[in-house]
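Shown next, in structure tokens, is the structure this report addresses.
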Amino acid sequence: MRTYDTLIEIGIKLSAEKDLSKLLNIILEDACKLCKADAGTFYLRNDNKLEFRVSRNLTLEEKMGKKNFLESIAPHALLISNKSIAGWSAKNKKTLNIKDLNNIKNCPYCHNTEFEEKTGYRCKSMLTVPIIDRENELVGVFQLINKTGKWEITSFSKADEKLAESLASQAAVAIRNAQLTDELKSAQLETIFVLGEAAEYKDKETGDHIKRVATFSKIIAETLKLDDNLIETIYRGSPLHDIGKIGIPDNILNKPGKLDPHEWEIMKEHTTLGYKLLKDSQSEVIKTAAVIAYTHHERWDGKGYPRGLKGEKIPLVGRIVALSDFFDALTSERPYRKKRFPLSKTFAMIEEDRGKHFCPKTTDAFFKSIKHIEKISDYFTKTSHLTPPSP
Ligand code: C2E
Ligand code: SIN
Ligand code: SIN
Ligand code: FE
Ligand code: FE
């Protein structure tokens with residue numbers, strides 16, 4: 001009964017974890033604990049290969065420290081074929097319970113001793129379990145190594161096989177969910193950057209402006225110690241802050257000089273326009289992007305636009321992007337101003353505007369992370385201006 005409860009608990013824990021790397025770590029740890037294995041390895045399938053993802057080894061971690069142990073394992077992959085143990089288990093979708101690795105006879109696979117020669121760690125018993133999803137597709141494989149008995153290394157039992165297999169079927173569902181979440185997230189991020197770039201393109205921008213604004217906003221949010229979810233939402237939402245520029249006529253957007261009052265009124269519409277485009281989304285990220293588009297030109301002293309909101313009435317996300325957008329705009333070339341402002345001059349302007357244009361605590365967070373911001377600014381400037389060598 002206790003084991004049954006443990007399995008249910010594990011199932012609940014696994015389904016709650018959406019981060020794939022963390023999930024794989026938890027699965028391997030639980031499998032090792034459940035079957036009393038001293039060591040274990042996790043391979044995730046990619047096409048016809050098994051890619052090494054996670055490893056643990058109580059004996060070696062004790063001996064050399066967890067960090068050194070993890071660093072000692074080079075990334076590697078195995079072909080899904082009968083030649084290796086993990087490969088065989090993956091190819092045949094069968095659990096393989098080997099009592100003694102030094103005594104494998106008449107088998108297509110052989111035991112790779114490279115790791116043992118390198119570390120001096122001896123592998124004796126090994127339980128290899130394929131992870132198969134509901135469509136009967138192989139997700140990956142985990143290997144448990146060296147069953148710890150009372151006094152010595154023994155072999156894994158039939159009961160261990162059953163336990164490990166039921167863990168594997170729960171793991172399959174959780175891994176597929178996490179992979180799907182990953183895929184959706186990267187599809188979303190890609191779409192956001194493409195859209196943001198469309199607005200930028202129209203704005204005759206060069207380089208990585210929206211990536212920089214996203215990165216600076218993230219750094220400020222981190223320094224403000226906002227919660228991880230919100231930090232990521234800001235990172236993902238901020239590239240769309242100027243999406244409303246899509247609706248501004250080219251002759252205004254790209255006017256080389258100063259805008260006349262009528263043009264300026266139209267220009268300011270990019271905030272409301274962006275908000276209208278994004279506000280009805282179901283997605284938390286896009287909804288936040290709508291708020292950012294709407295409020296990134298408000299000012300702390302209430303003299304901004306489009307609504308003239310003041311102080312804390314301006315959503316924090318808008319206050320953050322107002323600052324990173326300003327910083328990035330000044331240190332970049334604009335259609336209406338060819339020269340960039342030097343960093344030192346820009347910093348002085350921001351400091352002068354603390355509590356006027358910019359929210360004080362956001363400004364403080366900006367200056368607290370100034371080294372990091374300078375480095376990023378530098379990195380993007382250098383890399384985005386690299387041209388391929390001429391033949
Ligand atoms: P943007 O080019 O992305 O600039 C964002 C913000 O950075 C500006 O918001 C402003 O706060 C700051 N900024 C950029 N360049 C300068 C500068 O040379 N001096 C100062 N003091 N601040 C600067 P703002 O002013 O609300 O403008 C919003 C958008 O309107 C700008 O986005 C740009 O697309 C357009 N815009 C603003 N002024 C002009 C202009 O004189 N000519 C043209 N063609 N467009 C303009
Ligand atoms: C394999 O499954 O063949 C690689 C791991 C090992 O044999 O120790
Ligand atoms: C844009 O190019 O408009 C986005 C970055 C910025 O506002 O400086
Ligand atoms: Fe803007
Ligand atoms: Fe902008």
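Just so you know, ligand 1 is whichever comes first in the structure, and atom 1 is the first atom listed for that ligand. Atoms considered below: every heavy atom in the structure, side chains included; atoms not considered: hydrogens, waters and symmetry mates.
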Taking only heavy atoms of [X], which atoms of ligand 1 are found under 4.0 Å from at least one of them?
X: A329; result: 4 (O), 5 (C), 7 (O), 14 (C)
X: L253; result: 44 (N)
X: F326; result: 7 (O), 11 (O), 12 (C), 22 (N)
X: M267; result: 29 (C), 30 (O), 34 (O), 35 (C)
X: R334; result: 1 (P), 2 (O), 3 (O)
X: Y305; result: 24 (P), 26 (O), 27 (O), 28 (C)

Can you tell me if [X] has a non-hydrogen atom under 4.0 Å from ligand 1?
X: K245; value: yes
X: I252; value: yes
X: P256; value: no
X: M349; value: yes

Answer yes when R45 and E137 have at least one side-chain N-carboxylate O distance shorter than 4.0 Å, and no when they do not.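 Yes, this pair counts.
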
Between E29 and K33, is the closest basic N to carboxylate O distance under 4.0 Å? yes

Interatomic distance, I192 atom CD1 to I210 atom CD1 [nearest 0.5 angstrom]: 9.5 Å

Could you give the distance from CG (D38) to CZ (R122), rounded to the nearest 0.5 Å? 14.0 Å

Are any of the N/O atoms in [X] less than 3.5 Å from those in ligand 1?
X: K258; answer: no
X: K255; answer: yes
X: L330; answer: no
X: H297; answer: yes
X: H270; answer: no
X: W264; answer: no

Could you check W264, F326, Y305 and say which one makes a ring pair (Phe, Tyr, Trp, His ring centres under 6.0 Å) with H297? Y305

With side chain to side chain contact (heavy atoms under 4.5 Å, CB included) as the criterion, how do I80 and L138 come out once you've worked through the C-alpha distance, each side chain's angles and the decisive distance to 0.1 Å? CA-CA 10 Å; I80 299 185; L138 183 85; 3.8 Å; yes

Quick one: sort the F366 and F327 rings into parallel, tilted or perpendicular, breaks at 30° and 60°. perpendicular

To check your reading of the site, what angle at the Fe ion (ligand 4) do NE2 of H270 and OD1 of D242 form, to 10°?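 So the angle at the metal works out to 90°.
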
Which atoms form the tightest heavy-atom contact between S238 and V321, and what is the distance? CB-CG2, 3.8 Å

For the student: nearest non-hydrogen atoms of K287 and K279, plus distance: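 Smallest interatomic distance, heavy atoms only, reads CG-O, 4.1 Å.
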
What is the name of the N/O/S atom of H297 that is nearest to the Fe ion (ligand 4)? NE2

State which residue, out of L78, L44, L79, fulfils the side-chain contact (heavy atoms from CB on, under 4.5 Å) condition with K49.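 Of the listed residues L78, L44, L79, the side-chain contact (heavy atoms from CB on, under 4.5 Å) partner of K49 is L79.
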
Taking ring-ring contact (aromatic ring centres under 6.0 Å, His included) as the test, write out the residues that go with Y235, two or more places apart. none

So, using salt bridge (Lys or Arg N to Asp or Glu O under 4.0 Å) as the criterion, who are the partners of E71 when residues are at least two apart? K67

Which N, O or S atom name in D325 marks its closest approach to the Fe ion (ligand 5)? OD1

